[in-house]
Protein chains: 2
Amino acid sequence: MTTQSQGLHTHVLDTLGLEISSGQCPPGSVLRTDELAQRFDVSRTVIREVIRVLESMHLVESRRRVGVTVRPTETWNVYDPQVIRWRLAGSDRPRQLRSLTVLRSAIEPVAAGLAARHATAEQCAELTERALGMVATSRGQQLEGYLEHDIAFHRIVLNASGNEMFARLGDVVAEVLAGRTHHQVMFEDPDPAAVTLHVRLAEAVREGDPEAAERITKEIAVGALHELDVLAP
Amino acid sequence: MTTQSQGLHTHVLDTLGLEISSGQCPPGSVLRTDELAQRFDVSRTVIREVIRVLESMHLVESRRRVGVTVRPTETWNVYDPQVIRWRLAGSDRPRQLRSLTVLRSAIEPVAAGLAARHATAEQCAELTERALGMVATSRGQQLEGYLEHDIAFHRIVLNASGNEMFARLGDVVAEVLAGRTHHQVMFEDPDPAAVTLHVRLAEAVREGDPEAAERITKEIAVGALHELDVLAP
DNA sequence: TGTGACACATACGTCGTACTTTTTTGTTCC
DNA sequence: GGAACAAAAAAGTACGACGTATGTGTCACA
């Protein structure tokens with residue numbers, strides 16, 4: 001899943017990022033560049049580049065004479081898709097999934113309302129197409145196909161909102177949906193009610209009805225939150 | 001304003017980041033590490049570290065034999081506070097300010113509702129204190145003092161929501177408020193209606209009234225958007 | 001015994017160079 | 001004209017040296 005073998009840099013970054021965000025290196029712990037270079041059998045050059053990236057994500061802090069210190073969680077750039085991926089792969093996935101879903105429940109209704117105003121004909125068409133795709137894959141253990149349509153659907157809504165900040169949340173939503181599908185044991189097919197709501201949302205957007213779009217999206221979000229409550233601690 | 005002189009790295013990163021996000025190096029343009037090293041009179045090591053950070057923000061892409069290419073805006077990590085700062089300092093500040101304000105208008109009402117449920121006594125107290133501070137600095141050209149209270153106020157609300165993703169948006173809100181105050185010519189004192197709404201929001205949170213908190217915050221957001229419409233193109 | 005200044009050790013910061021790897025481009029040969 | 005091959009260009013990696021800040025411990029002095 002995580003990118004790899006396209007450079008030493010990437011591998012080291014991924015490994016360290018995962019270790020830190022999974023709490024394996026708790027905040028306050030100190031890493032030394034020389035040790036890391038030895039451990040990964042790469043030059044200090046590579047390690048330093050990785051550290052700089054980690055530093056830009058506020059995962060670590062590098063100080064002279066003391067080393068590279070892991071920073072407390074509150075300072076992390078939790079909107080960085082890479083960080084999100086690491087955390088979803090790590091130990092506190094449930095908490096992460098929940099806070100991300102709450103975020104979605106705040107953003108997506110507003111985005112859907114805007115989409116109903118601004119969506120182009122093409123976007124409406126693709127939205128409908130994806131909704132139908134969700135219907136078609138909603139039964140019979142076609143979870144992967146369903147997931148693909150689901151992700152595409154929400155991406156379109158976010159893009160159609162015309163707001164850059166919303167649009168760029170598409171990756172986050174994709175991570176959440178993928179994480180939900182892959183990491184939660186899903187015995188059953190997707191909730192039929194959710195499928196219906198997506199179809200109705202596509203209609204509302206197509207008909208240019210912002211209030212309906214917002215309301216329906218809120219319902220979808222409520223459903224997602226409820227699902228988390230049922231399936232997670 | 002931007003951090004500086006705490007290492008060559010920081011200076012180069014800041015300069016390049018600003019140049020890219022301000023459109024001075026348009027998407028598609030190519031940078032060469034050797035040239036940059038010459039230009040900034042630093043070693044290639046420093047340049048490479050900077051490039052790696054820029055790459056992690058998806059501002060550039062580095063490929064062998066071709067160089068470092070500036071990526072299209074759609075791929076940038078626009079939630080990175082650093083990127084936000086660069087863009088707010090650059091040329092398309094109005095657009096950026098608007099999309100960020102729309103984001104706030106989606107997030108903060110929900111966050112305020114959650115805060116009304118979850119805020120601790122301390123948080124309520126500090127919130128009230130900040131609201132009073134806003135009142136105290138709302139007249140007589142005390143914009144800097146007002147700004148400080150305003151930022152602190154919204155930070156508390158976001159933190160009190162208990163949701164990590166909301167809480168981490170505090171920096172973004174701070175940048176927006178600061179950008180609004182500093183870059184927009186503000187002849188007058190803050191809108192008295194906004195001040196009142198903040199006081200009432202503090203009350204609603206203290207009294208544990210989520211609906212009121214959400215409604216009042218929506219009003220604040222509408223006011224902020226309206227203000228942008230009036231003062232910006 | 002307590003306190004302050006000074007020296008030292010340490011780990012990151014920066015540099016320069018040499019070498020490797022990938023990818024584009026251009027050339028040659030069929 | 002097209003395919004195989006050779007050369008060049010630029011990033012990727014490595015290594016070793018020195019610079020620099022900073023925590024720590026020591027020593028002298030009160």
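Only heavy atoms go into these numbers, but all of them, side chains included; no hydrogens, no water, no symmetry mates. To find a chain, count down the sequence lines: A is the first, B the second, and so on, and within it residues start at 1.
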Colleague: Should Thr15(B) and Phe40(B) be marked as a side-chain contact (heavy atoms from CB on, under 4.5 Å) after you check the CA-CA gap, both sets of side-chain angles, and the distance that decides it?
Modeller: CA-CA 10 Å; Thr15(B) 307; Phe40(B) 288 101; 3.9 Å; yes
Colleague: Identify whether the distance between the nearest side-chain nitrogen and carboxylate oxygen of Asp171(B) and Arg155(B) falls below 4.0 Å.
Modeller: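 Salt bridge flag = yes for Arg155(B) with Asp171(B).
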Colleague: Students should find this one: the first and last nucleotides of DNA chain D, 5' to 3', lying under 4.0 Å from a heavy atom of chain B. What are they?
Modeller: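 With heavy atoms of chain B under 4.0 Å away, the range is dA8(D) to dT13(D).
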Colleague: Of all of residues 36-51 of chain A, which get a heavy atom below 4.0 angstrom from DNA chain D, listed by number?
Modeller: Val42(A), Ser43(A), Arg44(A), Thr45(A), Val46(A)
Colleague: So if I take residues 55-64 of chain B and measure heavy-atom distances to DNA chain C, which residues fall below 4.0 Å?
Modeller: Arg63(B), Arg64(B)
Colleague: Mind jotting down which residue pairs meet the ring-ring contact (aromatic ring centres under 6.0 Å, His included) criterion with at least one end in residues 45-83 of chain B? Sequence neighbours excluded, please.
Modeller: Tyr79(A)-Tyr79(B)
Colleague: Name all pairs fulfilling the side chain to side chain donor-acceptor pair (under 3.5 Å) condition that reach into residues 60-69 of chain A, sequence neighbours left out, sorted by first residue then second.
Modeller: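 Residue pairs passing side chain to side chain donor-acceptor pair (under 3.5 Å), neighbours aside: none found.
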Colleague: Pair Glu55(A), Arg48(A) - check salt bridge (charged side-chain N to carboxylate O under 4.0 Å, His left out), show working.
Modeller: CA-CA 10 Å; Glu55(A) 204 172 21; Arg48(A) 297 197 76 270; over 6 Å; no
Colleague: Taking the side chain as everything from C-beta on, heavy atoms only, tell me whether Val102(A) gets closer than 4.5 Å to Leu114(B).
Modeller: yes
Colleague: For a quick test of reading the model, state the closest non-hydrogen atom pair linking Ser138(B) to Pro190(B) and the distance between them.
Modeller: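 Heavy atoms of Ser138(B) and Pro190(B) come nearest at O-CD, 3.6 Å.
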Colleague: Run the salt bridge (charged side-chain N to carboxylate O under 4.0 Å, His left out) test on Glu175(A) and Arg104(A) for me, step by step, so that the C-alpha distance in whole Å, both residues' side-chain angles and the decisive distance to 0.1 Å come before the verdict.
Modeller: CA-CA 12 Å; Glu175(A) 296 292 345; Arg104(A) 285 185 58 199; over 6 Å; no
Colleague: Judged by modelled atom types alone, do His149(B) and Gln142(B) share a side-chain donor-acceptor pair under 3.5 Å?
Modeller: no
Colleague: Can you check whether Asn77(B) reaches Gln82(B) side chain to side chain, under 4.5 Å on heavy atoms?
Modeller: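 No; the side chains remain at least 4.5 Å from each other.
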Colleague: Is there a side-chain contact between Leu88(B) and Arg85(B) (heavy atoms, below 4.5 Å)?
Modeller: no
Colleague: Side-chain contact, heavy-atom cut-off 4.5 Å: Ile107(B) with Val110(A)?
Modeller: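 No - every pair of side-chain heavy atoms lies 4.5 Å or more apart.
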Colleague: Check nucleotides 6-10 of chain C for protein N or O atoms closer than 3.5 Å to its own N or O atoms and list the pairs.
Modeller:
residue	atom	partner	partner atom	Å
dA9(C)	N3	Arg65(A)	NH1	2.8
dT10(C)	O4'	Arg65(A)	NH1	2.8

